[in-house]
Amino acid sequence: MQLNPHVTKEVTLSLDTGYFGYYSTLIKDWYCESGNYQIFVGSSTYSCSLKGGIYVNNPERPQPDFRITAPDYYALSNNEFKVSREEFEAIYGKRRHIRDVQASRPYTSENTIEDISHTFLGKFIRRYANKVAKDVTESAKEQEGMMASMIGEMPFFTMVASGDGMLSEGMLEGVLHRLNAHYLKGLWKLLKEIRK
């Protein structure tokens, strides 16, 4: 639907509990806990012009209690969410055979901010991503840590596709050149993109 300037119209949206839930391994289905939920409406995550609330009343279902085996899940903060392998495995229900291998050159558009955070440039990019997470969640501070984690784990090509122009394809190309030790080529590409 498209409206002309200064025209208003009432719109109705139907949201079922699936929009607010998560997959419960205990009941092997999607589940939404009873409680208050906030709904944001806007043209992007940076521009939410409407905000509302809804209370969902759902039957109580059995919930796992990980307060002893995974206490970090019960003490979330506004900082980036980090969890130990032991706590992840406690919630996942079995051991994960994942090698802790640090990403290295050559970096591609499939890498993430987390992959490059050990590099000199990556530290600056990580700081900037945390600032973006803080700005995006200005009206919902309790989601800042979750947003920072999401941005940190998002592949670069996804940032280009969904970043509202924050990161162009050319800028990404310049950053990747710099990360892959093609410093002058990367700098030239970045300066060219900034001038556009």
Measure the spacing between [atom1] of [X] and [atom2] of [Y] and express it to the nearest 0.5 Å.
X: W30; Y: Y22; atom1: CH2; atom2: OH; answer: 11.0 Å
X: T158; Y: L167; atom1: OG1; atom2: CG; answer: 11.0 Å
X: E144; Y: N130; atom1: CD; atom2: CG; answer: 8.0 Å

Problem set entry | Whether N58 side chain and C32 backbone form a donor-acceptor pair below 3.5 Å | yes

Exercise. Any donor-acceptor pair under 3.5 Å linking the side chain of E193 with the backbone of S168?
Worked result: no

Exercise. Which of parallel (below 30°), tilted (30 to 60°) and perpendicular (above 60°) describes H118 and Y107?
Worked result: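 If you compare the ring of H118 with that of Y107, the planes turn out tilted.
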
Using every non-hydrogen atom in the two residues, find where [X] and [Y] come nearest and quote the distance to one decimal.
X: T69; Y: P71; result: C-CD, 3.6 Å
X: R67; Y: Y74; result: N-CE1, 3.4 Å
X: S34; Y: E60; result: OG-OE2, 4.1 Å
X: T112; Y: G152; result: CB-O, 3.3 Å
X: P155; Y: E110; result: CB-O, 3.9 Å
X: Y19; Y: S14; result: CE1-O, 4.2 Å

Exercise. Less than 4.5 Å apart, any side-chain heavy atom of I39 and any of L15?
Worked result: yes

For this session: May I ask you to test the S149-E114 pair for a side-chain heavy-atom distance under 4.5 Å?
Result: no

Exercise. Can you list the other members of the hydrophobic cluster that holds L187, where links are side-chain heavy atoms under 4.5 angstrom apart?
Worked result: L191

Exercise. When clusters are formed by joining ILVMFWY residues with side-chain heavy atoms under 4.5 Å apart, either directly or through shared neighbours, do V160 and L190 land in the same one?
Worked result: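 Same cluster.
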
Exercise. Under 4.5 Å between side-chain heavy atoms, hopping through other hydrophobics if needed: is there a path connecting F157 to I151?
Worked result: no

Exercise. Does any pair with a residue in residues 130-156 pass ring-ring contact (aromatic ring centres under 6.0 Å, His included), and if so which ones, sequence neighbours excluded?
Worked result: none

Problem set entry | Residue list, ring pair (Phe, Tyr, Trp, His ring centres under 6.0 Å) with Y37, at least two apart or on another chain | F20

Exercise. Quick one: ring pair (Phe, Tyr, Trp, His ring centres under 6.0 Å) partners of F124, sequence neighbours excluded?
Worked result: F120

Problem set entry | Qualifying side chain to side chain donor-acceptor pair (under 3.5 Å) pairs, either residue in residues 171-182, two or more places apart |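 Residue pairs passing side chain to side chain donor-acceptor pair (under 3.5 Å), neighbours aside: none found.
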
Problem set entry | Residues in salt bridge (Lys or Arg N to Asp or Glu O under 4.0 Å) contact with K131, at least two apart in sequence or another chain | D135

